[in-house]
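This report concerns only the one structure given below.
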Amino acid sequence: MKLVIVGGVAGGATAAARVRRLDERADIIVFERSGHVSYANCGLPYYIGGIIEDPAELSLQTPESFRERFGIDMRVRHEVTAIHPERKCVSVRNLENGEEFEESYDKLLLSPGARPARPALPGVELARVFTLRTVEDSLKIREFVRREKPGSVVLAGGGFISLELAENLRELGMEVSIVQRPMQLLNPLDPEMASFVHGKLRQKGIRLHLGAAVEGFEESGDKLRVLLKDREPLEAGMVILAIGVSPDTALAAQAGLELGIKGSIVVNDRMESSLPDIYAVGDAVQVRHFITGQDALISLAGPANKQGRIAADNICGGDSRYKGSMGASVIKLFDMTAASTGINEQAARRAGIDCDKLFLSPANHAGYYPGGSVMTMKLLFERESLRLLGAQIVGYEGVDKRIDVLSAAIGAGLRATELKDLELAYAPPFSSAKDPVNMAGLMADNLAGGLLRQFHLDELEALPRDGSVTLLDTRSPGEYARGHVEGFINIPLDALRERLGELPKDRRTYVMCQSGLRSYIACRILSQNGYDCLNFSGGYRLWASVHSDRLAARNAFPCGMEK
């Protein structure tokens, strides 16, 4: 069997190595148009920031190591320019010397990845405007930063690469501004969870221009003017476009393969395209979302590696199947970690799923062990079935551990209430006897059993302040004095039983505390004394984060220019 692979990064390199392990006699040729194979795209921002010093460390394998260990003909700086399915061959150009030739195949695997979006804006071709996708891109950016010392940068886009660049360039001492058309960063998060990320970035001196659209770039001496729609221009020493990626599927389109979302390659669960003996994997393919069952584009290294292995199995006569992707992700932002898995609330609504949610703010380990920190968790589940739909966590230590547990639970088809039964490792430096994941399950169990009734942020803002309902804050007087929501009266939890007479029973009581725990206990007291009460999910700290975020966004540009 002769296998030709187009693209030698995550999916293509994984497939090549897997095919060799399954078939020692296969003739395997990989064409990669860049000068690097099997490299870590996700590590590029950390090379630019100097955390990774040697660019060779970004390459998991080299063309030479592939040849020596796997007997694979890995040809870098070779671009496949056309696919000829009817003749089962590809046209190739050697980018070093311009030579063009054809290569036949028995099986063809496409792993072209995605290309960074580079909109047709005035000035986008200027020398100080960069994109980041390949090792070569990162080398150019790092060399420019070190040689020119631009001092300031505008990052267009608010996804993972942009935020990782923001952290690394800020740590180099640069002034960093992020321009993002939506009103939040990190689309996998819901807006209220993203508010914690916004707060951390602003705390670190990064300027956020949310709800802003870039319209072009102009040279201004040794600076660039970044033109924004309906706002004053920004000035910076360089611009990096990180506004998303598009499947790089021009070859597939020319060859007549069926295409899907944004021109992505349509494949089945065996990673087979619409044409015989042609497979496709990675950022260029359309997949099934594990939660919704809908078609999706998910550009992540983990799914690409899995797809590469599955395609290789099937190329070698096996029957492996891709079950879909749920988009589990995690990002480091200075000392903060943000992570998500499954779908967020916005996606659930769009998919027509009747979902419920809960928030909690547990510590990452036992409270009596020093050095603990609080994380904010949001759990989504289907209202009737209690099927887990997704989770989001923003915090510090231990976030990655919990999101992985929740991702595994979603993959296993657990219900939200079953999280309480998971047996998870415990020692004071790492967790509590009731892990945060267990606590989420206990809260879901209380909701399912009617012991917990909630109201949420959008409902809080609409509550009447005319005395027709009771608004109760059960935090300590000191906490209340440092800040509270308008209209809420303060009766600390520990004094509630003695002061029940101050609360009328003929109206509904809405209860709040710092995180939702004390207010839950208060609701249990009130409900057993004849009160109709609801607990505010997420507590004052969630409200305060969202409120501060909105104020900061409003004050980020002059009055009268808001959209």
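For reference, positions follow the sequence shown, starting with 1.
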Can any side-chain N or O of [X] pair as donor or acceptor with the backbone N or O of [Y] at less than 3.5 Å?
X: E32; Y: S34; result: yes
X: T337; Y: V399; result: no
X: R225; Y: E218; result: no
X: R67; Y: M74; result: yes
X: H78; Y: V76; result: yes
X: Q286; Y: I261; result: yes
X: N438; Y: D435; result: yes
X: S138; Y: V135; result: yes
X: R18; Y: I310; result: no
X: R288; Y: K323; result: yes

Lys/Arg-Asp/Glu bridge criterion (N-O < 4.0 Å) met for D400, K332: no
Pairing of R118 and E125 as salt bridge, 4.0 angstrom limit: yes
Qualifying residues under side chain to side chain donor-acceptor pair (under 3.5 Å), relative to D335, sequence neighbours excluded: K200
Partners passing side chain to side chain donor-acceptor pair (under 3.5 Å) against D404 (at least two apart in sequence or in another chain): none
Side chains of S195 and S545, donor plus acceptor under 3.5 Å: yes
Donor-acceptor pair between R541 and T376 side chains, under 3.5 angstrom: yes
Of all heavy-atom pairs between [X] and [Y], which one has the smallest distance, and what is that distance?
X: A13; Y: G8; value: CB-O, 3.7 Å
X: V287; Y: Y322; value: CG1-CE2, 4.0 Å
X: L228; Y: A212; value: CD1-CB, 4.5 Å
X: L259; Y: A253; value: CD1-CB, 3.6 Å
X: P436; Y: M377; value: CB-SD, 3.6 Å
X: S264; Y: L297; value: CB-CD2, 3.4 Å

Looking at side-chain heavy atoms only, is the closest gap between [X] and [Y] below 4.5 Å?
X: T131; Y: I240; result: no
X: F217; Y: P122; result: no
X: Y540; Y: E479; result: no
X: S329; Y: F160; result: yes

Set of ring-ring contact (aromatic ring centres under 6.0 Å, His included) partners for F290, sequence neighbours left out: none
All ring-ring contact (aromatic ring centres under 6.0 Å, His included) counterparts of Y426, not counting sequence neighbours: none
Qualifying residues under salt bridge (Lys or Arg N to Asp or Glu O under 4.0 Å), relative to K223, sequence neighbours excluded: none
Show me the donor-acceptor pairs, under 3.5 Å and distance only, between side chains in residues 173-190 and residues at least two apart or in other chains.
residue : atom : partner : partner atom : Å
Q180    : OE1  : G158    : N            : 2.9
Q180    : NE2  : Q184    : O            : 3.1
Q184    : NE2  : L186    : O            : 3.1
Q184    : NE2  : L189    : O            : 2.8
D190    : OD1  : E345    : N            : 3.2
D190    : OD1  : Q346    : N            : 3.3
D190    : OD1  : Q346    : NE2          : 3.1
D190    : OD2  : E345    : N            : 2.9
D190    : OD2  : K378    : NZ           : 2.8
D190    : OD2  : Q392    : NE2          : 2.9

